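Quick notes on the structure that follows.
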Amino acid sequence: MKIGFLGLGAMGTPMALRLITAGHELSVWNRTEGRTKPLLREGAIAAATPAEAELGADAVITMLFDDEANEQVLFGPNGLLDALEPGALHISSSTISVALSERLTAEHVRRGIDFVAAPVFGRPNVAAEGRLWIVAAGTDAAIQRARPVLEPLSRGISVIGNEPRQAHALKLGGNFLISAMIHSLGEAFVYAESQGIQPGVFLEAVN
């Protein structure tokens, strides 16, 4: 497939490299041009604007930092949404707010564009190994179109529902749960040490 990939940060770069390894043709764009160099060395084509990354693409995937970055890249000058033609496929792997996800869904429906929310769980080293866990939501037809893009990136895909906002909501909830678990472990280790128990021994026993 020909894929446009927007956002080559710590997660986006290894994800894009995995897609190239899987045999896809990539057109890549990033706000900081230097980030495209590792992809260009592997055969990707540099796009001058978000809109240019879409040209001739079977799908476009965005992996942008936050709501503000998504607003600029999708709705700004030479933005992606104005470039996408009816029938195109946009996959949002960014971690964004539910409110923005709902706005994007409405815009895609209005423009006749398939929209799949597919945020990921995992760190950059996991992305490089193609072992992310992806939570996806969108229409059945859009999910099926997105699978050839998502499968090389992941060890599993959990389809959450038909509404893209559900996947973005689950990612936010998952991040909260992970943070709470880390905090709880820290408290438990402090408690264990106060009782003369090594944290490693405590964790092994609890596990």
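Because the structure is a prediction, the values reported are computed rather than measured.
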Enter the distance from Phe65:CZ to Arg31:CZ here, rounded to the nearest 0.5 Å.
-> 9.0 Å
Any donor-acceptor pair under 3.5 Å from Thr13 side chain to Leu8 backbone = yes
Transitively linked via ILVMFWY side-chain contacts under 4.5 Å: Val28 with Met11?
-> yes
Heavy-atom check, side chain of Glu42 versus side chain of Leu17, under 4.5 Å | yes
CD of Gln195: more than 12 outside heavy atoms within 6.0 angstrom?
-> yes
Which heavy-atom pair separates Glu54 from Ala83 by the least distance, and what is that distance?
-> OE1-O, 3.4 Å
List the atom of Leu132, the atom of Gly122, and the distance in Å for their closest heavy-atom pair.
-> CD2-CA, 3.7 Å
Heavy-atom neighbours of Glu151 CD exceed 12 at 6.0 Å | yes
Determine which pairs satisfy ring pair (Phe, Tyr, Trp, His ring centres under 6.0 Å) with at least one residue from residues 185-207, sequence neighbours left out, and list them in order.
-> none
Side chains of His90 and Thr62: donor-acceptor distance under 3.5 Å anywhere?
-> yes
Indicate if Val149 and Leu6 have the same hydrophobic cluster label, given that clusters are the connected sets of ILVMFWY residues with side-chain heavy-atom separations under 4.5 angstrom.
-> no
Is there side-chain contact between Asp140 and Asn162, with at least one heavy-atom pair below 4.5 Å?
-> yes
Given side-chain contact (heavy atoms from CB on, under 4.5 Å), test Leu170 with Phe121 step by step and report yes or no.
-> CA-CA 11 Å; Leu170 191 148; Phe121 285 102; 3.9 Å; yes
How far apart are the C-alpha atoms of Val135 and Gln166, what are their side-chain angles, what is the distance that settles it, and do they pass the side-chain contact (heavy atoms from CB on, under 4.5 Å) test?
-> CA-CA 9 Å; Val135 290; Gln166 294 172 304; over 6 Å; no
Distance in Å, Met15 CE paired with Leu150 CG, rounded so as to fall on 0.5 Å steps | 8.0 Å
Check whether any side-chain heavy atom of Ile96 lies under 4.5 Å from a side-chain heavy atom of Lys171, and answer yes or no.
-> no
State whether the number of non-hydrogen atoms from other residues, nucleotides or ligands found under 6.0 Å of Glu33 atom CD is greater than 12.
-> no
Minimum heavy-atom separation for Ser94 to Pro119, with atom names?
-> O-CB, 3.9 Å
Residue pair Trp133 / Ser154, side-chain donor-acceptor N/O under 3.5 Å = no
Is a side-chain donor or acceptor of His108 paired with a backbone partner of Leu104 at a separation under 3.5 angstrom?
-> yes
In one Ile/Leu/Val/Met/Phe/Trp/Tyr side-chain cluster, 4.5 Å: Leu185, Met181 | no
Does a side-chain heavy-atom distance below 4.5 Å link Glu193 with Pro199?
-> yes
Hey, mind stepping through Ser97 and Asp67 against side chain to side chain donor-acceptor pair (under 3.5 Å) and telling me if it holds?
-> CA-CA 7 Å; Ser97 68; Asp67 279 22; 2.6 Å; yes
Audit row: Thr95, Asn175, side-chain contact (heavy atoms from CB on, under 4.5 Å) steps and yes/no = CA-CA 10 Å; Thr95 299; Asn175 283 359; 4.0 Å; yes
Mind listing the closest non-hydrogen atom pair of Ala53 and Trp29 along with its distance?
-> CB-CB, 4.5 Å
Say whether, by atom type as modelled, one donor and one acceptor occur between the side chain of Asp114 and the main chain of Ala88 under 3.5 angstrom.
-> no
Pairwise side-chain contact, Met63 with Val120, heavy-atom cut-off 4.5 Å (strictly under) | yes
So do the side chains of Glu187 and Ser184 get within less than 4.5 Å of each other, counting heavy atoms only?
-> no
When you look at Asp58 and Arg145, which way does the salt bridge (Lys or Arg N to Asp or Glu O under 4.0 Å) test go after all the steps?
-> CA-CA 9 Å; Asp58 300 302; Arg145 289 183 66 190; over 6 Å; no
Heavy atoms of Pro164 and Ala117 approach each other most closely as O-CB, 3.2 Å
Any side-chain heavy atom of Leu89 within less than 4.5 Å of one from Val116?
-> yes
Taken to the nearest 0.5 Å, the spacing of Ile45 CD1 from Glu25 CD works out to 7.0 Å
What's the shortest heavy-atom distance between Glu163 and Ala137, and which atoms?
-> O-CB, 3.3 Å
Straight-line distance of Leu19 CG to Ile3 CD1, nearest 0.5 Å | 4.5 Å
Under the side-chain contact (heavy atoms from CB on, under 4.5 Å) rule, what do Ile143 and Thr139 come out as? Steps first, then yes or no, please.
-> CA-CA 6 Å; Ile143 293 288; Thr139 65; over 6 Å; no
Working to the nearest 0.5 Å, report the span between CZ of Arg165 and CG of Leu100.
-> 14.0 Å
Would a hydrophobic clustering, with Ile, Leu, Val, Met, Phe, Trp and Tyr connected at side-chain separations under 4.5 Å, put Ile134 with Phe5?
-> yes
Distance (rounded to the nearest 0.5 Å) between Lys2 NZ and Leu55 CG = 10.5 Å
Backbone N or O of Arg35 within a donor-acceptor pair of the Thr32 side chain at under 3.5 Å?
-> no
More than 12 non-hydrogen atoms from neighbouring residues, nucleotides or ligands closer than 6.0 Å to CZ on Arg155, yes or no?
-> yes
Common cluster, Leu81/Ile61, ILVMFWY with side-chain heavy-atom separation under 4.5 Å = no
Using the salt bridge (Lys or Arg N to Asp or Glu O under 4.0 Å) rule, take Glu107 and Arg103 through it: C-alpha gap first, then chi angles, then the decisive distance, then the call.
-> CA-CA 6 Å; Glu107 282 291 333; Arg103 180 186 174 194; 5.2 Å; no
Under the ring-ring contact (aromatic ring centres under 6.0 Å, His included) test, which residues partner His24, sequence neighbours left out?
-> none
Are the side chain of Ser101 and the backbone of His168 linked by a donor-acceptor contact shorter than 3.5 Å?
-> no
